[in-house]
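To start, the structure under review is shown below, and the notes come after it.
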Amino acid sequence: MHSGQEFGDNPEEVRETGHYASEYVPSFVEKWDSLIDWEKRTESEGNFFIDLLRKRGVKSVLDVATGTGFHSVRLAAAGFDAVSADGSADMLAKAFENGRDHGYLLRVVQADWRWLNRDVHGEYDAIVCLGNSFTHIFSERDRRKALAEFYAMLKHDGVLVLDQRNYDAILDRGYNTQHTFYYCGEDVAVEPEYIDDGLCRMRYHFPDDSVYHLNMFPLRKDYTRQLMTQVGFQRVDTYGDFQHTYRDEQPDFFIHVAEKE
Ligand code: SAM
């Protein structure tokens with residue numbers, strides 16, 4: 001079955017920041033959303049992000065990686081004043097639909113992070129970039145540019161919450177000892193199909209045997225932290241899998257909380 005995704009003859013050579021929009025083809029998005037049951041996801045995340053934002057007195061939040069709207073809807077339901085941005089129009093359309101189904105009219109804006117300030121206006125108490133999204137950027141220049149755009153859109157005491165997969169474990173363990181990650185139970189099997197210092201090509205296998213891929217940049221945890229500090233964030237705390245403490249090898253995800261002051 002053809003996935004509809006276009007990676008060309010050499011998929012491992014596709015290392016381009018702008019490629020994300022054509023990787024999230026509508027059939028992948030639909031499948032993802034029907035299988036990753038929002039209730040299960042809510043259960044596994046708990047109130048980690050909501051508590052973190054409330055504790056800081058956050059009111060306005062810009063969700064820069066809205067995707068199909070999971071976090072934007074949770075933020076709206078928790079009473080935050082949220083704006084939902086994403087570079088993919090297909091994703092935003094799905095997010096708006098999902099929002100409406102849950103009883104919320106999301107305020108959506110199509111914007112690529114590299115030019116965020118051009119398309120989104122205002123200043124926010126917090127920016128969230130969740131669901132391993134920042135990994136889609138393939139050059140260091142673009143990573144710095146995106147983080148600088150996030151920094152500029154935060155109020156003087158604002159906070160950026162950005163998560164990433166634990167690529168250190170994948171890179172250090174090596175390609176041969178693959179670990180299969182299961183999202184919310186056993187619905188979708190995700191494994192790294194190819195890995196080097198500049199690419200992690202993930203394979204998503206669905207129960208109907210359809211297969212999709214995403215090409216991502218394997219961000220090392222300390223490298224992400226360092227970039228955040230370099231663009232001006234004063235303090236960066238890193239959590240593992242929604243826990244306040246972590247052992248390096250263990251978590252599948254890291255969550256960075258970067259404070260502007
Ligand atoms: N946060 C959502 C979630 O957790 O379900 C969606 C995560 S999805 C893995 C990543 C999202 O980031 C996609 O919707 C994609 O369109 C968006 N994205 C990737 N690179 C981007 C960029 N340079 N500018 C804007 N959006 C981007």
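Being a predicted model, the structure only gives us computed values, none of them experimental.
- The environment of CZ in R15 is crowded: more than 12 heavy-atom neighbours from other residues, nucleotides or ligands sit within 6.0 Å.
- To the nearest 0.5 Å, the span separating OG on S60 from CG on L75 amounts to 11.0 Å.
- Within 6.0 Å of atom CZ in R107, more than 12 heavy atoms from other residues, nucleotides or ligands are found, so the atom counts as buried in its surroundings.
- Looking only at side-chain heavy atoms (C-beta outward), L162 and V64 stay at 4.5 Å or farther from each other.
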### Message
Using the rule given for side-chain contact (heavy atoms from CB on, under 4.5 Å), can you reason through T68 versus M91, listing the C-alpha separation, both sets of side-chain angles and the distance that settles it, and then say yes or no?
### Response
CA-CA 5 Å; T68 59; M91 283 296 206; 3.9 Å; yes
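- A search for salt bridge (charged side-chain N to carboxylate O under 4.0 Å, His left out) contacts involving R220 returns D168, D172, not counting sequence neighbours.
- Stacking of R225 on the aromatic ring of F254 is not recorded, the 6.0 Å distance cut-off and the 45° axial limit not both being met.
- Under 4.0 Å is where a charged nitrogen must lie from a carboxylate oxygen, and between R100 and E97 no such pair does.
- In this model, no donor atom of one side chain and acceptor atom of the other lie less than 3.5 Å apart for Q5 and H213.
- In this structure a side-chain-to-backbone donor-acceptor pair under 3.5 Å is missing from R165 to T135.
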### Check against side-chain contact (heavy atoms from CB on, under 4.5 Å), Q110 and T66
CA-CA 10 Å; Q110 192 206 347; T66 298; over 6 Å; no
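- Applying the ring-ring contact (aromatic ring centres under 6.0 Å, His included) test to every pair with at least one member in residues 70-95, sequence neighbours left out, gives these pairs: W38-F70, F49-H71.
- Considering every non-hydrogen atom in both P218 and L199, the closest pair reads CD-N, 3.5 Å.
- Side-chain contact between E259 and Q234 is absent, with no heavy-atom pair separated by less than 4.5 Å.
- P11 and N215 make their closest contact through O-ND2, 2.8 Å (heavy atoms, listed as atom of the first residue, atom of the second, distance).
- The shortest side-chain heavy-atom distance between F150 and V231 does not fall under the 4.5 Å cut-off.
- Residues E149 and W115 share a closest heavy-atom pair of OE1-C, 3.7 Å.
- Taking OG1 of T238 as the reference point, atom CG of D163 lies at 11.5 Å (rounded to 0.5 Å).
- Judged purely by atom type and a 3.5 angstrom limit, D196 uses its side chain to pair as donor or acceptor with the backbone of G198.
- Between F28 and F206 there is a side-chain heavy-atom pair separated by less than 4.5 Å.
- How far OG1 of T224 is from CG of L219: 4.0 Å, rounded to the nearest 0.5 Å.
- The shortest heavy-atom contact between A258 and M228 is CB-SD, 4.1 Å.
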### Message
I'd like to know whether L160 forms a side-chain contact (heavy atoms from CB on, under 4.5 Å) with L147, so could you lay out the CA-CA distance, the side-chain angles of the two residues, the decisive distance to 0.1 Å, and finally the verdict.
### Response
CA-CA 9 Å; L160 167 67; L147 287 175; 3.9 Å; yes
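- Checked against side-chain contact (heavy atoms from CB on, under 4.5 Å), A111 has the following partners two or more places apart in sequence or in another chain: L116, D119, V120.
- Hydrophobic clustering (side-chain heavy atoms under 4.5 Å, transitive across Ile, Leu, Val, Met, Phe, Trp, Tyr) groups Y239 together with L53.
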### Task
Under the salt bridge (Lys or Arg N to Asp or Glu O under 4.0 Å) rule, what do R201 and E193 come out as? Steps first, then yes or no, please.
CA-CA 6 Å; R201 180 164 163 82; E193 187 178 271; 3.6 Å; yes
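- Clustering ILVMFWY residues whenever any of their side-chain heavy atoms sit less than 4.5 angstrom apart, transitively, puts L227 in the very cluster that holds F138.
- When the side chains of ILVMFWY residues are joined at heavy-atom separations under 4.5 Å, either directly or via intervening members, Y204 and Y167 end up in a single hydrophobic cluster.
- Side-chain contact between V257 and R56: present, with at least one pair of heavy atoms (C-beta onward) separated by less than 4.5 Å.
- For the pair D252 and N166, the minimum side-chain heavy-atom distance is 4.5 Å or more.
- Annotation: side-chain contact (heavy atoms from CB on, under 4.5 Å) contacts of K59 (sequence neighbours excluded): D125.
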### Message
With side-chain contact (heavy atoms from CB on, under 4.5 Å) as the criterion, how do R141 and K145 come out once you've worked through the C-alpha distance, each side chain's angles and the decisive distance to 0.1 Å?
### Response
CA-CA 6 Å; R141 190 172 168 275; K145 174 93 173 97; 5.7 Å; no
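- Heavy-atom minimum distance, L106 versus S72: CD1-CB, 4.0 Å.
- Between K94 and E30 there is a side-chain heavy-atom pair separated by less than 4.5 Å.
- For the atom pair CD of Q164 and OG of S133, the computed distance is 11.5 Å after rounding to the nearest 0.5 Å.
- A continuous path of Ile, Leu, Val, Met, Phe, Trp and Tyr side chains, each step under 4.5 Å between heavy atoms, connects M216 with Y212, placing both in one hydrophobic cluster.
- Qualifying side-chain contact (heavy atoms from CB on, under 4.5 Å) partners for D142, counting only residues two or more places apart in sequence or in other chains: T17, R114, I137, S139.
- Applying the side-chain hydrogen bond (donor to acceptor under 3.5 Å, both in side chains) criterion to Y151, with sequence neighbours excluded, gives no partner residue.
- Between the side chains of D86 and Y20, not a single donor N or O lies within less than 3.5 Å of an accepting N or O.
- For F134 and H256, the gap between ring centers reaches or exceeds 6.0 Å.
- No chain of hydrophobic side-chain contacts below 4.5 Å, direct or via other Ile, Leu, Val, Met, Phe, Trp or Tyr residues, connects L92 to M153.
- Residues D51 and K55 have side chains not in contact (no heavy-atom distance under 4.5 Å, counting atoms from C-beta outward).
- Cation-pi geometry between R143 and F217 is satisfied (NZ or CZ under 6.0 Å from the ring centre, within 45° of the ring normal).
- The CZ atom of F233 sits 7.0 Å away from the NZ atom of K260 when rounded to the nearest 0.5 Å.
- Residues V14 and F7 come closest through the heavy atom pair CG2-O, 3.3 Å.
- Note that CD1 of I127 and CG of L62 are 5.0 Å apart. Values are rounded to the nearest 0.5 Å.
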